[in-house]
There are 2 protein chains.
Amino acid sequence: MALEHAILVSLSERAASGLDLTRRFDKSIGYFWTASHQQIYRTLSRMEKDGWVRSEVVAQQGRPDKKVYDVTAAGREELGRWLAAPTPAQPLRSELMVKFRAASYGDREQVLDLARAKLAEHRDLLALYEGIEQRDFPKPDGLAGRELDMYLVLRGGVRMEQFWIDWLTEYLDAHTRAHTKDER
Amino acid sequence: MALEHAILVSLSERAASGLDLTRRFDKSIGYFWTASHQQIYRTLSRMEKDGWVRSEVVAQQGRPDKKVYDVTAAGREELGRWLAAPTPAQPLRSELMVKFRAASYGDREQVLDLARAKLAEHRDLLALYEGIEQRDFPKPDGLAGRELDMYLVLRGGVRMEQFWIDWLTEYLDAHTRAHTKDER
DNA sequence: ACACCTCTTGCAACTCGTTGCATAGGTCCC
DNA sequence: GGGACCTATGCAACGAGTTGCAAGAGGTGT
């Protein structure tokens, strides 16, 4: 399981409540690991029971109290252990690829429309990531340590979106060419 | 859910038993959608109950009987419906990216070793896919229809592996450079 | 006073996927 | 005949993740 470790990473950067974490998983960390708020609350409870984090109730003005979580020494130890452990291969799982392979059993034109929609989605995501890259890392050459790590993960996101765009373009081009040939 | 649809696609290509399907999910289809045999048997039962497939017990010589499944008209209809339906965005989920981002909270050298191991894995996969590409599609230019679909999905696999290789190489290079600088 | 909004935490039920095991028929070999 | 192994199907239990809903606390509007 990696959600508890993703939470440990996020809490290592800064202590947070369940809702704070939920918001972080909606942006930065969420770009490469997603989680719903229910999942986060449930996991936080288990982690506290296991002694990886401890919580403190903090009163707020004009808002309900919140429970702020913090990583314990045991949590830091677990994080280090997990970091060094081999990562199991995550098999590729793409609904889109299943559909592309199945296109001849349905309406091909609609599948091409799906491809065009996905292409637009991935172009938007690429623009988002490149915007963050230019805003937060205008000069990547001098980076080191934690900042370099964050930059390189973002680069992974950029490259991933570029992959989708390139492949979907190849897909659409090839089918456009095949279709044109049929018409002649 | 896409497993039932992946099964419909595979059964559309050719009728099969649960174990046949398990073997297909270990190779061709499995390159972009995986499933264990228990999952397949369970899903086949449900699909038969829903009327998407029908089964026939076939006696074999020297082996236990097998139940061969076949797509019904309702199954073909469902497949067509699913093909045209929009595909929800699948958020990226990469344990490796979480680890890379967290490297400063553990032993960085071990994380670099993980990256090198992943790089080797993806090089192997790329070689596998490129081997299939050259064996099955030596002349991709004339392809159309179902063969073109299969070729293009394979191209997606090749490009995906190439993405991992390129990014991991960038990651290792950047950290090698940062480390060298520290030493000076 | 009352309805209604947001913030924060959480429960319950469900689906999806994995792991471990069971069963039953059959071959091959010693 | 006994044991190892393969084919084929399946159950049970668990863990991970999603969806829907609830409840309390505090604010705002009329």
Side-chain angles (χ1 to χ4, degrees), chain A residues 1-8 11 15-26 29-30 32-50 53-69 82 87-95 98, chain B residues 1-8 11 15-26 29-30 32-50 53-69 82 87-95 98:
Chain A
M1 221 276 268
L3 174 57
E4 34 200 45
H5 299 106
I7 288 177
L8 283 178
L11 289 181
S17 70
L19 200 56
D20 292 338
L21 281 171
T22 302
R23 280 193 274 254
R24 290 188 200 168
F25 275 84
D26 277 342
I29 315 177
F32 48 93
W33 202 272
T34 55
S36 62
H37 73 111
Q38 292 84 349
Q39 215 185 329
I40 288 169
Y41 282 116
R42 196 149 24 108
T43 304
L44 279 173
S45 305
R46 193 178 58 234
M47 290 168 74
E48 185 164 26
K49 189 167 58 63
D50 291 345
V53 297
R54 90 178 86 80
S55 67
E56 194 187 353
V57 175
V58 174
Q60 303 181 98
Q61 57 220 33
R63 295 181 187 181
D65 296 355
K66 63 178 177 178
K67 269 164 83 177
V68 174
Y69 288 88
W82 172 75
T87 300
Q90 319 188 82
L92 177 57
R93 247 189 187 196
S94 166
E95 190 168 321
V98 179
Chain B
M1 222 278 269
L3 174 57
E4 33 201 46
H5 298 106
I7 289 177
L8 283 177
L11 290 181
S17 70
L19 201 56
D20 292 337
L21 282 171
T22 303
R23 279 192 275 255
R24 290 187 200 168
F25 275 85
D26 276 343
I29 315 177
F32 48 94
W33 201 271
T34 55
S36 63
H37 74 110
Q38 292 86 346
Q39 216 185 330
I40 289 169
Y41 282 117
R42 196 153 20 113
T43 304
L44 279 173
S45 305
R46 193 178 58 234
M47 290 168 74
E48 185 164 27
K49 189 166 58 65
D50 291 346
V53 297
R54 89 179 86 81
S55 68
E56 193 186 356
V57 175
V58 174
Q60 303 180 98
Q61 56 221 31
R63 295 179 187 184
D65 296 354
K66 64 178 177 180
K67 269 165 82 177
V68 174
Y69 289 89
W82 173 75
T87 300
Q90 319 188 83
L92 178 56
R93 245 183 189 201
S94 165
E95 190 168 320
V98 180

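Quick note on labels: first sequence line is chain A, next is B, and so on, each numbered from 1.
Computed from coordinates, the B:Leu19 CG to D:dT7 P distance equals 8 Å when rounded to whole Å. Between the CD atom of B:Gln90 and the P atom of C:dG17 there is a distance of 11 Å, given to the nearest Å. Atom-to-atom, NZ of A:Lys49 to P of C:dG10 comes out at 15 Å; the value is rounded to the nearest Å. Between the CG atom of B:Asp26 and the P atom of C:dT18 there is a distance of 12 Å, given to the nearest Å. Distance B:Ile7 CD1 to C:dG17 P: 10 Å, rounded to the nearest Å. Rounded to a whole Å, the NZ atom of A:Lys66 is 19 Å from the P atom of C:dT6. Here D:dG17 presents its P atom at 6 Å from CH2 of A:Trp33, a figure rounded to the nearest Å. Atom CZ in A:Arg42 sits roughly 10 Å away from atom C1' in C:dC11 (whole-Å rounding).
In terms of modelled atom types and a separation under 3.5 Å, the side chain of B:Asp20 and the main chain of B:Ser17 share a donor-acceptor contact. Between the side chain of B:Thr43 and the main chain of B:Gln39, a donor-acceptor pair closer than 3.5 Å is present. Side chain of B:Glu48 to backbone of B:Ser55: a donor-acceptor contact under 3.5 angstrom is found.
Checked for salt-bridge contact, B:Arg46 and B:Glu4 meet the test: a charged N lies under 4.0 Å from a carboxylate O.
Closest to the side chain of B:Ser36, out of C:dT19, D:dG17, D:dT9, is C:dT19.
Comparing B:Gln38 and A:Gln39 against DNA chain D, the residue whose closest nucleotide sits nearer the 5' end is B:Gln38.
B:Arg93 has a side-chain polar atom (N or O) that falls below the 4.0 Å cut-off from OP1 or OP2 of D:dG17. Considering only side-chain N and O atoms, B:Tyr41 lies nowhere under 4.0 angstrom from the phosphate OP1 or OP2 of D:dG10.
Heavy atoms of B:Ser17 sit under 4.0 angstrom from primed sugar atoms or phosphate atoms, though from no base atom.
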